[in-house]
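All of these numbers come straight from a predicted model, not from anything done at the bench.
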Amino acid sequence: MQEYKNEEEFMAQRIEGNGGKTGRILFVSCIVLGMLCGWLLGSFVPVPGTQNINNEIQISQVMSSGDKEAAIRKIMEEEWYFAKDIENLDERLTDQSLYGMTTNEEDPHTSYMSAEEMESFTQSINRNFVGIGVQFIATNGINLVEKVFKNSPAEKYGVKAGDLIMKVDGVDVVGSSATEIKDLVQGEAGSTVTITFDREGKSIDIDIVRGAVSATAFGYMLNDDTAFLELYNFGESSHDEIKSYLDECVENGAKKLVIDLRDNGGGYLDSLEKISSLFLPMGTIVMRSSYADGSETLTTTRGGNYRQFEKYAILINGGTASAAEVFTLAMKENLDNVAVIGETSYGKGTVQVSRYFEDGSAIKVTQCRWLSPNGTWINGVGIEPDETVLLHPVMYEAFNGIGDEEVFQVNQVSEAIFEVQEALQYLDYDIDRTDGYLSDETSQVIARYQEEHDLEATGELNAETYRAIISSVNLDWASSKVHDAQLSRALEVIGE
């Protein structure tokens, strides 16, 4: 046992001993305090070396399921790496969440649309624009006016189907694309555009004042007693457009009518009612609307402008949908002189309404299903025509194209050769096969086409010849009805 000289020495030694222990305790406390301060500071300021720790802590936390939308939006705004690259992040996230909310496998027709998408959608139904009012085809360097729409600036100033567009405001457009020409022709309402046409070999300059154009329908006489009416959509002005064409055709002796609804994707219910009223007596049931609560409403024709023809033929295909299908069945089930010709329609048996927001965006939502006057629901099934008639196989081809440097010779095989063989067959060339094999006979036919169209007659298939042949098909289909097997059969049926 250690002895001390006096009490003062004992106390001094005790203080010194405790001082060592106290120092160690103080040192450890400082370390803990430092770590605590670093952790707290790292929660607010990304001090180097602490951010990863902070991230790991956040990732390990389980979030509340009470408001997932708010939680995910916060993460996207504060933690998403690419958020820094998006100018209007809040608008983008809002739109994306609405797109997701309205996308479901049960109903592909309900959707959210931004203001821009809604404007484009509406314009596509109404087919309205500011321009001169012609439909033309630009192919193989030829810009052929195919249609001049009724009551359009082009009709007013004397443009005719068959005119070739050569210049727009002095700009040579021979060889230009359809989009390039359209951009030059369209413009501000009330402004003037000068177009140089080639009409039967003569150059004609026409000054045309641009105006608003709606082009959802087109009609003309096919023969002495039969009218042909094309309806592209059920738009806001379709009723008035159709009435104009029908009035003119009736004045020219039309007693029979072919209505072309091929690739008509539908449109507005109000337009459907008005158009149906042109062909069905007042009060006739057009369709039945069946709602989720079991209730049902009837859509019926209104009075006025009713015209009756001796026979009708309606042309449909896989692109005929919605209001076009409603109209087809309304005509078929209410009249006994209607023949439906073509291919099975799309099969869209639901009705959508658009609910708008202040910024122009909208939700297009399925409100009910529709049934024919007799109670038939064609959703997912479509309308079977009275007579199924297919077009030439080339009309169903996607045309994959050919590389600028590619050249195919005798004994070679290619998808491009197959496409050209079908196209030449459509154009009434005596082609020996359509299997993609370039035989001697196929080569001779290609050489004949090349010679007839001022191309080097090599009998080989190159990019120039490929494009020329496909363009010839497009030009023929747009400007002639000779190869339209469905229309030909319709004329036979109503002529019987």
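- No salt bridge links K255 with E310; every basic N to acidic carboxylate O contact stays at or beyond 4.0 Å.
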Fill in: Trace of the side chain to side chain contact (heavy atoms under 4.5 Å, CB included) decision for V174 with M166
CA-CA 6 Å; V174 175; M166 309 302 289; 3.7 Å; yes
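- Between K364 and F121 there is a side-chain heavy-atom pair separated by less than 4.5 Å.
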Discussion item. Is there a side chain to side chain contact (heavy atoms under 4.5 Å, CB included) between T328 and V340? Walk through the geometry before answering.
Written reply: CA-CA 8 Å; T328 299; V340 180; 3.9 Å; yes
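- T194 and D207 are linked by a side-chain donor-acceptor pair at a separation below 3.5 angstrom, with hydrogens and angles left out of the test.
- Between the side chains of Q486 and E343, at least one donor N or O lies within less than 3.5 Å of an accepting N or O.
- Side-chain polar atoms of T376 and N374 form no donor-acceptor pair below 3.5 angstrom.
- A heavy-atom distance below 4.5 Å is not found between the side chains of Q450 and E456.
- Y437 places none of its side-chain heavy atoms less than 4.5 Å from the side chain of I417.
- Ring geometry, F279 versus F309: the interplanar angle falls from 30° to 60°, so the pair is classed tilted.
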Practice prompt. Any chance you could lay out the salt bridge (charged side-chain N to carboxylate O under 4.0 Å, His left out) test for D225 and K256, step after step, and finish with the verdict?
Written response: CA-CA 6 Å; D225 67 350; K256 303 170 185 176; 3.8 Å; yes
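- Remark: the backbone N or O of G401 is paired with a side-chain donor or acceptor of Y466 at under 3.5 angstrom.
- Between F197 and I206 there is a side-chain heavy-atom pair separated by less than 4.5 Å.
- Side-chain polar atoms of S191 and R210 form a donor-acceptor pair below 3.5 angstrom.
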Practice prompt. Go through the steps for V213 and I132 under the test side chain to side chain contact (heavy atoms under 4.5 Å, CB included), then give the verdict.
Written response: CA-CA 7 Å; V213 176; I132 66 171; over 6 Å; no
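- Counting non-hydrogen atoms of other residues, nucleotides and ligands closer than 6.0 Å to CD of E441 gives a total above 12.
- Checked by atom type, the side-chain pair E241/S214 shows no donor-acceptor distance below 3.5 Å.
- Between the side chains of E419 and N400, a donor-acceptor pair is found at a separation under 3.5 Å.
- Looking only at atom types and distance, the side chain of T320 has no donor-acceptor partner in the side chain of S345 under 3.5 Å away.
- Side-chain atoms of V193 and V168, non-hydrogen and from C-beta on, do get closer than 4.5 Å to each other.
- Checked by atom type, the side-chain pair Y426/D476 shows a donor-acceptor distance below 3.5 Å.
- A donor-acceptor contact shorter than 3.5 Å is absent between the side chain of S361 and the backbone of F357.
- Although no hydrogens or angles enter the test, the distance criterion places no donor-acceptor pair under 3.5 Å between the side chain of Q412 and the main chain of L438.
- Around atom CD of E452, more than 12 heavy atoms belonging to other residues, nucleotides or ligands sit under 6.0 Å away.
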Worksheet entry | K243 vs D247, salt bridge (charged side-chain N to carboxylate O under 4.0 Å, His left out): CA-CA, chis, key distance, verdict | CA-CA 6 Å; K243 184 178 180 302; D247 288 347; 2.9 Å; yes
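- With 3.5 Å as the limit, one finds no donor-acceptor pair spanning the side chains of D107 and T350.
- Between the side chains of H392 and Q425, at least one donor N or O lies within less than 3.5 Å of an accepting N or O.
- Under the side-chain contact (heavy atoms from CB on, under 4.5 Å) rule, Y429 has a single partner from I469, I446, V445, which is V445.
- In this structure D163 satisfies the side chain to side chain donor-acceptor pair (under 3.5 Å) test together with R199, sequence neighbours excluded.
- The side-chain heavy atoms of L144 and F136, taken from C-beta on, include no pair separated by under 4.5 Å.
- Using a distance-only test at 3.5 Å, with no hydrogens or angles considered, a donor-acceptor pair links the side chain of S238 to the main chain of N233.
- S120 places no side-chain N or O within donor-acceptor distance of the main-chain N or O of E116, the cut-off being under 3.5 Å.
- With a 4.5 Å cut-off on side-chain heavy atoms, I275 and F327 count as touching.
- Side-chain polar atoms of T301 and S277 form no donor-acceptor pair below 3.5 angstrom.
- Side-chain contact, S472 with Y449: a donor N or O sits under 3.5 Å from an acceptor N or O.
- For the pair N223 and M221, the minimum side-chain heavy-atom distance is 4.5 Å or more.
- Between the side chains of S443 and D440, no donor N or O sits under 3.5 Å from an acceptor N or O.
- Each of T434, T442, D432 was compared with Q421 under the side-chain hydrogen bond (donor to acceptor under 3.5 Å, both in side chains) criterion, and only T442 meets it.
- In summary, the side chains of D240 and S237 do not present any donor paired with an acceptor at a separation below 3.5 Å, with no hydrogens or angles considered.
- A side-chain donor-acceptor contact under 3.5 Å links H483 and D428.
- Inspection of the T102 and T110 side chains reveals no N or O donor paired with an N or O acceptor under 3.5 Å.
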Discussion item. Between R302 and E273, is the salt bridge (charged side-chain N to carboxylate O under 4.0 Å, His left out) condition met? List the steps.
Written reply: CA-CA 7 Å; R302 309 170 185 177; E273 293 174 356; 2.4 Å; yes
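- For Y99, the side chain to side chain donor-acceptor pair (under 3.5 Å) partners at least two apart in sequence or on another chain are E117.
- One finds no salt bridge joining K311 and E496 here, because no Lys/Arg side-chain nitrogen approaches an Asp/Glu carboxylate oxygen to under 4.0 Å.
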Fill in: V134 and K147: CA distance, side-chain angles, deciding distance, side chain to side chain contact (heavy atoms under 4.5 Å, CB included) verdict
CA-CA 6 Å; V134 300; K147 297 170 183 171; over 6 Å; no
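- Counting heavy-atom neighbours within 6.0 Å of K156 NZ, excluding the residue itself, gives a total of 12 or less.
- Atom CD of E492 sits in a crowded spot, with more than 12 heavy atoms from other residues, nucleotides or ligands closer than 6.0 Å.
- The side chain to side chain donor-acceptor pair (under 3.5 Å) contacts involving residues 377-387 comprise K332-D386, T344-E384, E387-R489, where partners must be two or more places apart or lie in separate chains.
- A distance-only check finds a donor-acceptor pair linking the side chain of T284 to the backbone of P281 [under 3.5 Å].
- Less than 6.0 angstrom separates the ring centroid of F149 from the ring centroid of F218.
- Side-chain contact of Y232 with D263: a donor-acceptor pair under 3.5 Å is absent, judged by distance alone.
- Here the shortest heavy-atom pairing between P385 and T388 reads CG-OG1, 3.5 Å.
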